[in-house]
Amino acid sequence: MNYLIVALGGSLGAIARYQVALWATPKVADSNFPLATLIVNVIGSSLFGVALFFISDRAYLGEQARLMLMVGFLGAFTTFSTFTYELLELIQKGQWVFVSSYFIANVLLSLSGLYAAYFLSRFFFE
């Protein structure tokens with residue numbers, strides 16, 4: 001049963017990820033900057049912070065919710081495997097300004113999103 005829960009969450013996360021890519025691609029059509037991946041990494045990390053509070057800290061939701069949301073949905077939605085692949089592509093093209101800005105933006109904004117969402121959840125719901 002747990003596999004089905006993870007699969008359901010994962011399929012929904014993958015669909016959401018694809019939708020973000022469709023939305024973001026026209027906005028950077030003339031650029032090599034991978035905006036869609038940056039967007040999902042920041043949003044996904046932020047949602048992970050909220051889920052971390054409600055599922056892990058407060059146990060308002062059970063193990064099945066953790067499997068569906070954190071493992072399934074957010075595991076498929078966030079794309080650090082795509083992130084590393086896109087970094088490699090930028091490195092191979094010698095686009096060092098994009099390499100450094102993309103790396104720093106993903107890591108700092110995603111970490112900031114998780115941190116802020118977690119502590120805002122604690123502030124508003126504790």
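Quantities reported herein were computed from a predicted structural model and do not represent experimental measurements.
With a 6.0 Å radius and a threshold of 12 heavy atoms from other residues, nucleotides or ligands, Phe123 has its CZ atom at or below the threshold.
Residues Phe73 and Trp23 are members of one and the same hydrophobic cluster, defined by side-chain heavy-atom contacts under 4.5 angstrom among Ile, Leu, Val, Met, Phe, Trp and Tyr. Note on Leu87 and Leu108: same hydrophobic cluster, where clusters join Ile, Leu, Val, Met, Phe, Trp and Tyr whose side-chain heavy atoms are under 4.5 Å apart, directly or indirectly.
By the ring pair (Phe, Tyr, Trp, His ring centres under 6.0 Å) test, Phe119 pairs with Tyr115, sequence neighbours left out. For the side chain to side chain contact (heavy atoms under 4.5 Å, CB included) test, residues two or more places apart in sequence or in another chain that qualify with Ala105 are Leu38, Leu109. In terms of the side-chain hydrogen bond (donor to acceptor under 3.5 Å, both in side chains) criterion, Gln64 has no residue partners (sequence neighbours excluded). Asn2 meets the side-chain hydrogen bond (donor to acceptor under 3.5 Å, both in side chains) test with no other residue; sequence neighbours excluded.
The stretch residues 102-122 participates, sequence neighbours left out, in these salt bridge (Lys or Arg N to Asp or Glu O under 4.0 Å) pairs: Arg122-Glu126. Residue pairs meeting the salt bridge (Lys or Arg N to Asp or Glu O under 4.0 Å) criterion with at least one member in residues 65-92, sequence neighbours excluded: Glu63-Arg66.
Tyr60 and Phe125 have their aromatic ring centers separated by at least 6.0 angstrom.
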Identify every side-chain donor-acceptor pair in residues 90-98 under 3.5 Å, counting partners at least two apart or on other chains, and give the distances.
| residue | atom | partner | partner atom | Å |
| --- | --- | --- | --- | --- |
| Gln95 | OE1 | Asn32 | ND2 | 3.4 |

Please output the side-chain donor-acceptor pairs of residues 9-20 that fall under 3.5 Å, not counting sequence neighbours, one pair per line with the distance.
| residue | atom | partner | partner atom | Å |
| --- | --- | --- | --- | --- |
| Ser11 | OG | Ala7 | O | 3.3 |
| Ser11 | OG | Leu8 | O | 2.8 |
| Arg17 | NH2 | Thr37 | OG1 | 3.2 |

Sequence neighbours excluded and cut-off under 3.5 Å, please list the side-chain donor-acceptor pairs for residues 45-55, or say none.
| residue | atom | partner | partner atom | Å |
| --- | --- | --- | --- | --- |
| Ser45 | OG | Asn41 | O | 2.9 |
| Ser46 | OG | Val42 | O | 2.9 |

